Structures are given as structure tokens and as C-alpha cells.
Amino acid sequence: MSSKVNFVFDSNPLGVYQAGQLISGTAELITERPKTIRSIFITINGYGETRWQESEERVGEDGKTTKTLVTHTTTEVYYSTDQPVYGQAGGSQLELPTGKYVFPFRATIPPNAPTSFNGAHGQIKHEVTLTIDRAVRYNNTFKQCFTVILPHDLNKRLEYKEPLQRLESKSFWWGSIFGAHKPMIMDVSTSYSAYVPGQKIHFHLVLDNQSDVQCMDVKVRLLKNVSYRANSSGAKEQLKVTESRVADKHCGEVLKHNKAKFDEFLTVPPTTPSTQSEKDPIRVSYTLRFIAKTFKLHGGGDLVMDFPITIGTVPLLGSADDKGPGAEKSQPSGASHPGSPNFQEDVSEEQFESNTFKPRYPVYPFDGKPGTNGSNGAANFPSLYPKAEDAHPATPVKFTPNPVSPAAQKSPPYPTNIPVASPPGGNFEVLGFSVPPDYKPTPSAPAASSTGGIGWK
């Protein structure tokens, strides 16, 4: 392609924003040959999309049943802003000379914009798009995704501080053959019912195996459940539900007529926070599953215990000092907070069609290490989620609007002579605002660099 675009977010190399914040940056367009265009505009938008196919049986006019492949899909736009940066939409043709052009962009993300997501049958996508509107040929489109996080503060609901606790038993027909009817009993408890990425889910598990069946392994799994909704057919809403494992723990075996106690933990990896709205086309929830694995030959299946669990973005106060269920919980204080999060890519390998973008989610340093992304890009913050109004105002940029010719004037409002290339260190043309002679484009942060912050606006 004869053109390319480099997107740079202001003071935010990772491109992670909270819903309600101001997003700003520049798009540097580099053209290798002149282009005949009508306009250039930048779009900042967010939307949700689901799509999957299913085989359905339908009865034809001849009365025969045939299988048909049906596509279920839906699209919901959350916000969209267009910013013309050169020329006029639908205006007369003009020539864009070879060179470099820097266009600023800025917009406020709606406070209720949903969290970024990339899954097997849908996506919630936020992106910046630069479009070159061409009169004769296809438009040139350049896109850059960024992550939006809708805050989910676990301290706003008291029930999240309550522990998970249950006792269940299971009998097996294998033992009844020999006249034994004693069960396998599992007693499980956790410290809380809601956690954040980076936090350890401490659990206390007692397996009293009074049966004649051996437990081969006690497993603990954190499962992500995603519900995709579509109403493209118009008749009724379609639903697609998937379940994937994001973390697991193997505790060990328990022989028959034996009893074992496990005081272990499962660490929550970088993963999508639980969905708070019931209306979103994509909803994410989590299940904490405890499994006592047995031989299938013994009958009755495994002893399984499921707990609904919530994953948020702001941890419970005092949870940094969690010693496990049953231990005395500390009073909330500033010292008991794990510190500022860093932002890591989603642990999930699923992706929607050709979308390879991995959103970043907050991961808290419950291990005592400072909140930094290290080689992935630093991210230390003075506070967790600064509000947009707390950000310092951006430095004013001297802006010279594109000239608009009178209706009677036929000369196009663009330079007709291709500029002569300047020597290294000289000026280059910037359309959209004036730039000092010593201007250099802001480079992206190197992978191994340590920046001063993620750049919350």
C-alpha cells in the first residue's frame, strides 16, 4: 500500500481507558505518492457484534425436511464520532501530495461504554479509524483498537464480602454392590465471593471419602461463561452459551476410606470483568468449580460443586491481607490495599473472526511487588481510576483550519505544487495545525522501556 498511518495515544502507550474518560492522540499519515481524494476524516467509535451459524431443520413446500445453515447476528453501536481533518465530505476532488501529515483526534468515551471483549462468537470493540475518502477508487481505511474498561468496584455491594460455603455428598452404586452405602463428602469454603485479576482465591476444602471409590484427583477450576445474544431473524432472540477454563488447580488424590484437607489458592489471571448490565448482547460471568474426580466404571460420576463468582476491577478493601477462609479479616485501611494495577493482555486465546486484538485488563500486585508491566510497558498510577475531570487540560494547539474556497471560485482549496523534500531535521508539512521547525513525531514506547504511567486522562 502506498500509504500508512501510525496512531499514538497521548501519554498512554498501552491505549487503556476507563469509560467516561477523554481519549486523545495523533494519527500520522505517510503517503509515498500523490492521491486524488475528496476528504480525510477520523472516527472514534465503540460497538458490540455477535455472529454464529447453526444447522436447523425446516419443512419445505413438498413436506420434506431439509437441514439449513442459519446465521444469527446482531450489532449494537454504543457511540461514534466523526472528525473531518482535511477537505470536505462529499466535496470536490483534490490532490494529496506525497509527504507526512499529522492529524489530532480527541473524544470523550461515554460513561456507560462496555468493557472491551474478544470472544469466539462476538466482540465489543473500541477503535480509532482514519479514512481517506477517494472519489474514484475504494476508500483507504486505517484502524487502531484501544481498550475500554467499565469500572466494577466490588466495594459497592456488601454481599461480595460474604464467603462461599457449602457441604455436599455423593453415593456410588459401586459400593452398594458389596453392601456399602457410605458417601463421599466435600466441604468447601472461600474468603469472599468476588475477586479481581491478580488476587488469590484462598479456599479450604475437606474431602471425607467414606465410600469404596477412590478419588483420583481434587480439581479446582475458574470457568468463564459467555452468553451471546442475536435477534437478526426478528422472530425471537437467539442465545449461544460457551464455557472456557481460565485457571485451574490440582490438589491431589484421596484414597477410599480416607480423609484429606486442602488449604490452597487459585490465582485469577488477566480476564474480562463480569458483566453488570442485563441488556448487553455479550454477557460474561464466572463459575468456581470444585471436582472430586473418580473412575467412570464406579458409576455415579464425579462429585462436583459449583459456585457463582464475580470478577471486578477494584478489589475489596482489606482483601490484600486475606489469610484464607476462617482467618480473622483485617479492618480496611490504606495499608491493606494491594496498590495500583498494571494492565495485561487477556489470557483467553479466543478471537472473533479476524480480530486479533487482545484487550488489557487491570491486574493487581497482591504478591507485594509494585504495579508495573515491566517489559510489556510500565503502568504506575497515582490513583486507581482517575476521572476525566481530574486530568490536566491538554496544552492548546495552534490550529489553522483548511481553507474553504468561495462557491464561485473554481480553484481547489489545496496546494497544487508538490512540496520539495526538506533535508533531515527540516520541516515537513502538517495539515490540521502548525508545527515548530524542530518537531519530531512522538515515537511509541519501546517494549523494554519504563514509562512514568499509563497516562490516565
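Please read all numbers here as calculations on a predicted model, not as lab measurements. FYI, side chains are in, hydrogens and waters are out, and symmetry mates aren't considered; it's all heavy atoms of this structure.
Taking the ring pair (Phe, Tyr, Trp, His ring centres under 6.0 Å) definition, one finds that Tyr47 meets it with nothing, sequence neighbours left out. Applying the ring pair (Phe, Tyr, Trp, His ring centres under 6.0 Å) criterion to His204, with sequence neighbours excluded, gives no partner residue. Residues meeting the salt bridge (charged side-chain N to carboxylate O under 4.0 Å, His left out) test with Lys219, sequence neighbours left out: none. Residues meeting the side chain to side chain donor-acceptor pair (under 3.5 Å) test with Thr271, sequence neighbours left out: Tyr286. The side chain to side chain donor-acceptor pair (under 3.5 Å) search around Glu49 returns Arg51, Gln123, not counting sequence neighbours. Not counting sequence neighbours, Tyr228 has no partner by the side chain to side chain donor-acceptor pair (under 3.5 Å) test. Partners of Glu127 according to the salt bridge (charged side-chain N to carboxylate O under 4.0 Å, His left out) rule, which considers only residues two or more places apart in sequence or in another chain, are Lys125, Lys143. Contacts of Asp248 classified as salt bridge (charged side-chain N to carboxylate O under 4.0 Å, His left out), with partners at least two apart in sequence or in another chain: Arg245. With sequence neighbours left out, Asp306 forms a salt bridge (charged side-chain N to carboxylate O under 4.0 Å, His left out) with Arg289. Scanning for ring pair (Phe, Tyr, Trp, His ring centres under 6.0 Å) contacts around Phe203 gives Phe290, with sequence neighbours left out.
The backbone N or O of Tyr160 lies less than 3.5 Å from a partner atom in the side chain of Ser193, making a donor-acceptor pair. Between the Thr73 side chain and the Thr50 main chain, a donor and an acceptor come within less than 3.5 Å of each other. Checked by atom type and distance alone, the side chain of Lys323 pairs as donor or acceptor with a backbone atom of Asp321 at under 3.5 Å. Without hydrogens or angle criteria, Asp302 side chain to Val304 main chain gives no donor-acceptor distance under 3.5 Å. In terms of modelled atom types and a separation under 3.5 Å, the side chain of Thr275 and the main chain of Val284 share a donor-acceptor contact. Between the side chain of Gln351 and the main chain of Asn118, no donor-acceptor pair closer than 3.5 Å is present. No donor-acceptor distance shorter than 3.5 angstrom exists from the side chain of Lys161 to the backbone of Asn155, with no hydrogens or angles considered. Counting only distance, with no hydrogens or angles, the side chain of Asp280 and the backbone of Ile282 share no donor-acceptor pair below 3.5 Å. Glu162 places no side-chain N or O within 3.5 Å of a backbone atom of Glu159 that could act as its donor or acceptor partner. No side-chain donor-acceptor contact under 3.5 Å links Thr98 to the backbone of Thr31.
A heavy-atom distance below 4.5 Å is found between the side chains of Ile44 and Phe146. Here the side chains of Glu264 and Lys200 are not in contact, with every heavy-atom distance at 4.5 Å or above. Counting only heavy atoms from C-beta outward, the side chains of Ile149 and Pro362 approach each other to under 4.5 Å. Side chains of Thr115 and Thr313 form no contact here, defined as non-hydrogen atoms less than 4.5 Å apart. Annotation: side chain of His152 is in contact with side chain of Thr310 (closest heavy-atom distance under 4.5 Å). In this structure, Phe307 and Thr190 have side chains that are not in contact, with every pair of non-hydrogen atoms separated by 4.5 Å or more. Side chains of Tyr364 and Val314 form a contact here, defined as non-hydrogen atoms less than 4.5 Å apart. By the 4.5 Å heavy-atom criterion applied to side chains, His72 and Lys240 are not counted as neighbours.
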May I have the step-by-step check of side-chain contact (heavy atoms from CB on, under 4.5 Å) for Val246 and Ser348, ending in yes or no?
CA-CA 7 Å; Val246 296; Ser348 174; 5.7 Å; no
Could you go through Met186 and Val188, starting from their C-alpha distance and side-chain angles, then the distance that decides it, and tell me whether this counts as side-chain contact (heavy atoms from CB on, under 4.5 Å)?
CA-CA 6 Å; Met186 182 187 292; Val188 174; 3.6 Å; yes
Assess the residue pair Val128 and Ile23 against the criterion (side-chain contact (heavy atoms from CB on, under 4.5 Å)); give the C-alpha distance rounded to whole Å, side-chain angles, the decisive distance to 0.1 Å, and a yes or no.
CA-CA 10 Å; Val128 181; Ile23 175 175; 4.3 Å; yes
Stepwise side-chain contact (heavy atoms from CB on, under 4.5 Å) check, Ile309 with Leu222:
CA-CA 9 Å; Ile309 193 170; Leu222 179 62; 3.9 Å; yes
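In this structure, the separation between NZ on Lys35 and CD on Gln93 is 13.5 Å, given to the nearest 0.5 Å. With values rounded to the nearest 0.5 angstrom, Ile42 atom CD1 is found 13.0 Å from Arg106 atom CZ. The CZ atom of Phe7 lies 7.0 Å from the CZ atom of Phe105; values are rounded to the nearest 0.5 Å. The OG atom of Ser244 sits 7.5 Å away from the CG atom of Leu223 when rounded to the nearest 0.5 Å. Taking CH2 of Trp52 as the start and NE2 of His121 as the end, the distance is 8.5 Å to the nearest 0.5 Å. Taking CG of Leu266 as the start and CG of Leu288 as the end, the distance is 7.0 Å to the nearest 0.5 Å.
Gln53 and Thr71 are linked by a side-chain donor-acceptor pair at a separation below 3.5 angstrom, with hydrogens and angles left out of the test. Under 3.5 Å, the side chains of Asn140 and Ser3 contain no donor-acceptor pair of N or O atoms. No hydrogens or angles considered: nothing links the side chains of Asn45 and Thr129 as a donor-acceptor pair under 3.5 Å.
Just one of Phe9, Phe117, Tyr79 meets the ring-ring contact (aromatic ring centres under 6.0 Å, His included) condition when paired with His126; it is Tyr79.
Contact record, Lys100 with Ile30: CG-CG1, 4.0 Å, taken as the closest heavy-atom pair. Closest heavy-atom contact between Pro269 and Ala247: CD-CB, 4.0 Å. When every heavy atom of Pro151 is checked against every heavy atom of Gln18, the shortest pair comes out as CG-NE2, 3.0 Å. Closest of all the heavy-atom pairs between Pro270 and Tyr361 is C-CD1, 4.3 Å.
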Pairs under 3.5 angstrom only: tabulate donor-acceptor contacts from the side chains of residues 132-139 to other protein residues two or more places apart or in another chain.
| unit_1 | atom_1 | unit_2 | atom_2 | d |
| --- | --- | --- | --- | --- |
| Asp133 | OD1 | Arg38 | NH2 | 3.3 |
| Asn139 | OD1 | Arg134 | N | 3.0 |

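For residues 70-93, no residue pair satisfies the salt bridge (charged side-chain N to carboxylate O under 4.0 Å, His left out) rule, not counting sequence neighbours.
Counting non-hydrogen atoms of neighbouring residues, nucleotides and ligands closer than 6.0 angstrom, the CG atom of Leu158 reaches no more than 12 such neighbours.
Using a 4.0 Å cut-off between a side-chain N of Lys or Arg and a carboxylate O of Asp or Glu, Glu278 and Arg283 qualify as a salt bridge.
In this structure, Lys249 is positioned above the aromatic face of Phe265, its NZ or CZ under 6.0 Å from the six-membered ring centre and within 45° of the axis.
Under the 30°/60° scheme for interplanar angles, the aromatic rings of Phe103 and Tyr101 are found to lie parallel.
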